[in-house]
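Read the structure below first, then the notes.
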Amino acid sequence: QVQLVESGGGLVQAGGSLRLSCSASGRTFSGAYMNWFRQAPGKEREFVAKVSSSGRITDYADSVKGRFTVSRDNARNTVDLQMNSLKPEDTAIYYCAAALTGSGSAKAMIYWGKGTLVTVSS
């Protein structure tokens with residue numbers, strides 16, 4: 001069993017930065033692909049970023065490439081999402097999720113956090 005808890009959300013002006021963190025409990029964390037998803041009001045949940053179990057492989061949605069960076073610390077059981085140059089369209093609830101594969105599909109996720117709200121004002 002893995003429990004995921006996100007933190008770091010808040011209100012920021014366009015162009016600003018936020019760093020989200022996901023704290024994981026459970027012994028399977030180090031072997032899991034870790035993912036970030038987001039869901040904006042009235043929209044479906046979408047993939048944002050993922051990082052492999054080793055931390056060496058990352059991937060991003062086109063909409064955040066060059067602005068967001070995902071990283072993990074297996075010793076601390078955390079995965080972070082550094083978000084720079086934020087835009088109003090980045091406003092959403094951001095979720096941390098764990099999977100056994102690197103597919104990035106929401107259907108492949110086996111554990112989800114409850115989310116943290118990010119609001120970007122224009």
Side-chain angles (χ1 to χ4, degrees):
Q1 186 76 10
V2 174
Q3 291 182 326
L4 304 174
V5 179
E6 303 93 338
S7 62
L11 174 64
V12 63
Q13 288 188 333
S17 299
L18 278 177
R19 188 176 184 89
L20 304 183
S21 186
C22 174
S23 179
S25 63
R27 59 181 179 176
T28 61
F29 173 82
S30 62
Y33 275 79
M34 297 303 297
N35 302 258
W36 287 96
F37 286 78
R38 66 186 182 187
Q39 187 166 17
K43 295 188 177 181
E44 293 187 353
R45 193 170 297 189
E46 64 175 0
F47 168 78
V48 175
K50 64 182 176 183
V51 57
S52 65
S53 56
S54 67
R56 289 193 290 266
I57 301 172
T58 59
D59 193 22
Y60 301 90
D62 288 342
S63 58
V64 306
K65 277 181 182 177
R67 300 188 298 122
F68 290 11
T69 302
V70 62
S71 60
R72 68 189 294 164
D73 185 338
N74 286 338
R76 295 173 54 238
N77 279 0
T78 58
V79 57
D80 293 344
L81 185 68
Q82 177 66 43
M83 305 185 297
N84 299 328
S85 302
L86 283 162
K87 305 175 181 180
E89 51 263 44
D90 293 318
T91 294
I93 298 174
Y94 283 72
Y95 298 90
C96 176
L100 298 179
T101 70
S103 78
S105 168
K107 294 180 180 179
M109 302 302 120
I110 53 175
Y111 299 110
W112 290 88
K114 294 183 178 181
T116 186
L117 177 62
V118 172
T119 303
V120 184
S121 63
S122 56

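Below, all heavy atoms of this structure are taken into account, side chains as well, without hydrogens, waters or symmetry copies.
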*asked:* Once salt bridge (charged side-chain N to carboxylate O under 4.0 Å, His left out) is applied, what residue pairs with a partner in residues 2-15 remain, sequence neighbours excluded?
replied: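 Listed once each, the pairs would be none.
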*Using only heavy-atom distances, determine whether the side chains of Asp80 and Ser71 contain a donor-acceptor pair under 3.5 Å.*
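Distance-only check fails for Asp80 and Ser71.
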Give me the atom names and distance for the closest heavy-atom approach of [X] to [Y].
{"X": "Ala14", "Y": "Ser122", "answer": "CB-CA, 4.3 Å"}
{"X": "Gly104", "Y": "Asn35", "answer": "CA-OD1, 3.9 Å"}
{"X": "Asn74", "Y": "Ser53", "answer": "ND2-O, 2.9 Å"}

Roughly how far apart are [X] [atom1] and [Y] [atom2], rounded to 0.5 Å?
{"X": "Arg19", "Y": "Gln82", "atom1": "CZ", "atom2": "CD", "answer": "5.0 Å"}
{"X": "Leu81", "Y": "Phe68", "atom1": "CG", "atom2": "CZ", "answer": "6.0 Å"}
{"X": "Met34", "Y": "Met109", "atom1": "CE", "atom2": "CE", "answer": "9.5 Å"}

Strictly distance-based, threshold 3.5 Å: is any side-chain N or O of [X] a donor or acceptor partner for the main-chain N or O of [Y]?
{"X": "Tyr60", "Y": "Val70", "value": "yes"}
{"X": "Thr116", "Y": "Gly9", "value": "yes"}
{"X": "Asp73", "Y": "Arg76", "value": "yes"}

Pairing residues for [X] by the side chain to side chain contact (heavy atoms under 4.5 Å, CB included) criterion, not counting sequence neighbours:
{"X": "Val118", "result": "Leu18, Leu20, Met83, Tyr94, Val120"}
{"X": "Ile57", "result": "Ser52"}
{"X": "Arg67", "result": "Val64, Ser85, Lys87, Asp90"}

Does [X] share a hydrophobic cluster with [Y], counting links as ILVMFWY side-chain heavy atoms below 4.5 Å and allowing steps through other members?
{"X": "Ile93", "Y": "Val12", "result": "no"}
{"X": "Val2", "Y": "Val5", "result": "no"}
{"X": "Leu4", "Y": "Trp36", "result": "yes"}

*asked:* So that I know where these two stand, are Phe37 and Trp112 an aromatic pair - ring centroids less than 6.0 Å apart?
replied: yes
*Evaluate whether atom CD of Gln3 has more than 12 neighbouring non-hydrogen atoms of other residues, nucleotides or ligands under 6.0 angstrom away.*
no
*Quickly, which of Cys96, Cys22, Ser23, Ser21 forms a side-chain contact (heavy atoms from CB on, under 4.5 Å) with Ser7? Name it, please.*
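Only one option passes, and that is Ser21.
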List the atom pairs, donor and acceptor, that lie under 3.5 Å between side-chain atoms in residues 40-50 and the rest of the protein, sequence neighbours left out.
| unit_1 | atom_1 | unit_2 | atom_2 | d |
| --- | --- | --- | --- | --- |
| Glu46 | OE2 | Arg38 | NE | 2.6 |
| Glu46 | OE2 | Arg38 | NH2 | 3.2 |
| Lys50 | NZ | Gly102 | O | 2.2 |

*Could you tell me which residues satisfy salt bridge (Lys or Arg N to Asp or Glu O under 4.0 Å) with Asp59, sequence neighbours excluded, listed by chain and number?*
none
